[in-house]
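Everything on this sheet refers to the single structure shown next.
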Amino acid sequence: MGQHGPYDGPGDEHLPGSRGEHVLQSLFSTRERALRFYNRQVVDHLTPDMQEFVARQEMAFIGTSDARGNCDTSFRAGPPGFVRVLEPTKLIYPEFRGNGVLASMGNIMENPHVSLLFVDFFEDLVGLHVNGAATITTAYDAARRHGLVDEDQTAPGRRADRWVVVEVEEAYIHCSKHIPLLARQDRRLRATESRRPAGDDYFGVARMRSIGQERQGVGRPAE
């Protein structure tokens with residue numbers, strides 16, 4: 001699959017992005033800037049530099065939505081390379097045991113469109129957007145098809161229950177403007193400073209429910 005562009009035709013049907021953004025580009029007179037960005041930065045695969053960037057990332061933000069468009073954004077983290085590039089148009093990331101809700105994978109079951117955002121807060125202060133179509137696979141199938149086995153130490157001490165394969169449709173830069181520079185700190189050092197890690201009731205939901213102060217109606221109404 002080759003690189004997108006150039007985008008110089010009369011219509012929007014061949015442009016990346018949504019119809020909504022194209023309408024707003026015309027309304028707010030940003031079309032020329034948008035076309036310049038599409039032509040210079042948006043590709044339908046991971047370039048060698050993008051692949052190297054993904055291989056050293058320790059976190060990713062995963063955006064999904066269900067069939068009705070209800071959105072969810074989740075955070076994933078692991079050692080450098082926990083998200084694997086299988087080929088320029090395909091990457092894969094592990095799903096570990098969590099709270100059992102399975103919101104991201106549940107959305108993928110209804111709507112395969114997924115968005116990944118990688119941000120380097122520590123060195124280059126740059127981000128990478130990767131949009132594509134996701135499928136869920138078992139640990140057995142990931143090992144059989146892609147050689148991803150426990151010995152790979154994707155996250156030492158944790159076993160990947162499932163993997164999510166993403167077929168890349170768009171990849172583009174998130175520029176460094178406004179990305180804060182952060183400093184790494186060993187989590188073990190925080191324990192020596194008597195700073196307790198956040199518990200599962202950090203935001204007080206369970207405490208409110210125990211004393212009956214919660215407002216009525218939780219979550220989205222079922223249809």
Side-chain angles (χ1 to χ4, degrees), residues 1-5 14 16-17 38 40-67 71-98 101-175:
M1 188 178 293
Q3 179 175 342
H4 277 315
H14 301 300
Y38 293 152
R40 287 176 52 84
Q41 299 294 350
V42 181
V43 291
D44 58 6
H45 62 285
L46 299 174
T47 68
D49 288 338
M50 291 176 178
Q51 295 176 46
E52 187 277 330
F53 182 82
V54 171
R56 56 186 172 84
Q57 296 312 299
E58 302 175 50
M59 65 184 79
F61 301 91
I62 313 294
T64 60
S65 69
D66 65 17
C71 299
D72 181 82
T73 301
S74 192
F75 176 74
R76 298 289 185 272
F82 81 103
V83 177
R84 313 289 185 88
V85 177
L86 300 176
E87 54 189 75
T89 58
K90 185 182 297 183
L91 56 76
I92 189 170
Y93 66 87
E95 285 285 1
F96 300 109
R97 177 183 173 89
V101 174
L102 306 177
S104 296
M105 288 195 293
N107 284 344
I108 290 170
M109 287 288 292
E110 296 186 23
N111 177 0
H113 297 291
V114 64
S115 175
L116 285 74
L117 173 61
F118 303 91
V119 183
D120 182 347
F121 294 102
F122 308 110
E123 297 178 7
D124 296 333
L125 299 183
V126 71
L128 174 66
H129 294 265
V130 180
N131 300 329
T135 55
I136 302 166
T137 189
T138 64
Y140 171 80
D141 198 51
R144 183 173 63 87
R145 290 175 178 267
H146 309 298
L148 300 176
V149 295
D150 290 338
E151 287 75 10
D152 282 340
Q153 297 288 307
T154 299
R158 305 181 69 191
R159 180 187 295 270
D161 290 335
R162 297 166 187 84
W163 294 77
V164 177
V165 180
V166 180
E167 299 282 349
V168 178
E169 296 172 353
E170 288 183 345
Y172 55 92
I173 191 172
H174 187 102
C175 70

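In this structure the side chain of M105 reaches within 4.5 angstrom of the side chain of I136, judged on heavy atoms. The side-chain heavy atoms of W163 and D141, taken from C-beta on, include no pair separated by under 4.5 Å. The shortest distance between side-chain heavy atoms of D72 and S104 falls below 4.5 Å.
Heavy atoms from other residues, nucleotides or ligands lying under 6.0 Å from CE of M59 number more than 12. Atom CZ of F75 has more than 12 neighbouring heavy atoms from other residues, nucleotides or ligands inside a 6.0 Å radius.
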Full working for side-chain contact (heavy atoms from CB on, under 4.5 Å) between I92 and R84: CA-CA 5 Å; I92 189 170; R84 313 289 185 88; 3.7 Å; yes
side-chain contact (heavy atoms from CB on, under 4.5 Å), that's the test. Do Q57 and D120 meet it? Break it down for me. CA-CA 7 Å; Q57 296 312 299; D120 182 347; 4.0 Å; yes
Before giving the answer on side-chain contact (heavy atoms from CB on, under 4.5 Å), spell out for V114 and I62 the whole-Å C-alpha distance, their side-chain angles and the decisive distance to 0.1 Å. CA-CA 7 Å; V114 64; I62 313 294; 3.8 Å; yes
Stepwise, does the side-chain contact (heavy atoms from CB on, under 4.5 Å) test hold for R97 with R159? CA-CA 8 Å; R97 177 183 173 89; R159 180 187 295 270; over 6 Å; no
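Residues passing the side chain to side chain donor-acceptor pair (under 3.5 Å) test with E52 are R56, sequence neighbours excluded. Looking at residues two or more places apart in sequence or on another chain, you find a salt bridge (Lys or Arg N to Asp or Glu O under 4.0 Å) between E167 and K90.
Between V166 and G132, the shortest heavy-atom distance links the atoms CG1-CA, 4.1 Å. Nearest heavy atom pair, residue P79 against residue E58, reads C-CG, 4.4 Å. Nearest approach of A67 to N111, heavy atoms of both residues: N-CB, 4.3 Å. The two residues H45 and M50 come nearest to each other via the heavy atoms O-SD, 3.9 Å. Summarising the geometry of V119 relative to F61, their closest heavy-atom pair is CG2-CE1, 4.5 Å, with the distance given to 0.1 Å. In this structure, F82 and A60 approach most closely via the heavy-atom pair CZ-N, 4.2 Å.
Remark: side-chain polar atoms of D124 are not paired, donor with acceptor, to backbone N or O of V126 under 3.5 angstrom.
Among V164, L46, V165, L86, the single residue meeting the side-chain contact (heavy atoms from CB on, under 4.5 Å) criterion with L91 is L46.
Atom CD of E169 is separated from atom OG1 of T89 by 10.5 Å, given to the nearest 0.5 angstrom. The distance from the CD atom of Q41 to the NE2 atom of H174 is 12.5 Å, given to the nearest 0.5 Å. To the nearest 0.5 angstrom, E95 atom CD is 8.0 Å from L102 atom CG.
The aromatic rings of F53 and F118 lie perpendicular to each other, with more than 60° between the two planes, well past the 30° mark.
S115 and N131 share a side-chain donor-acceptor pair at under 3.5 Å.
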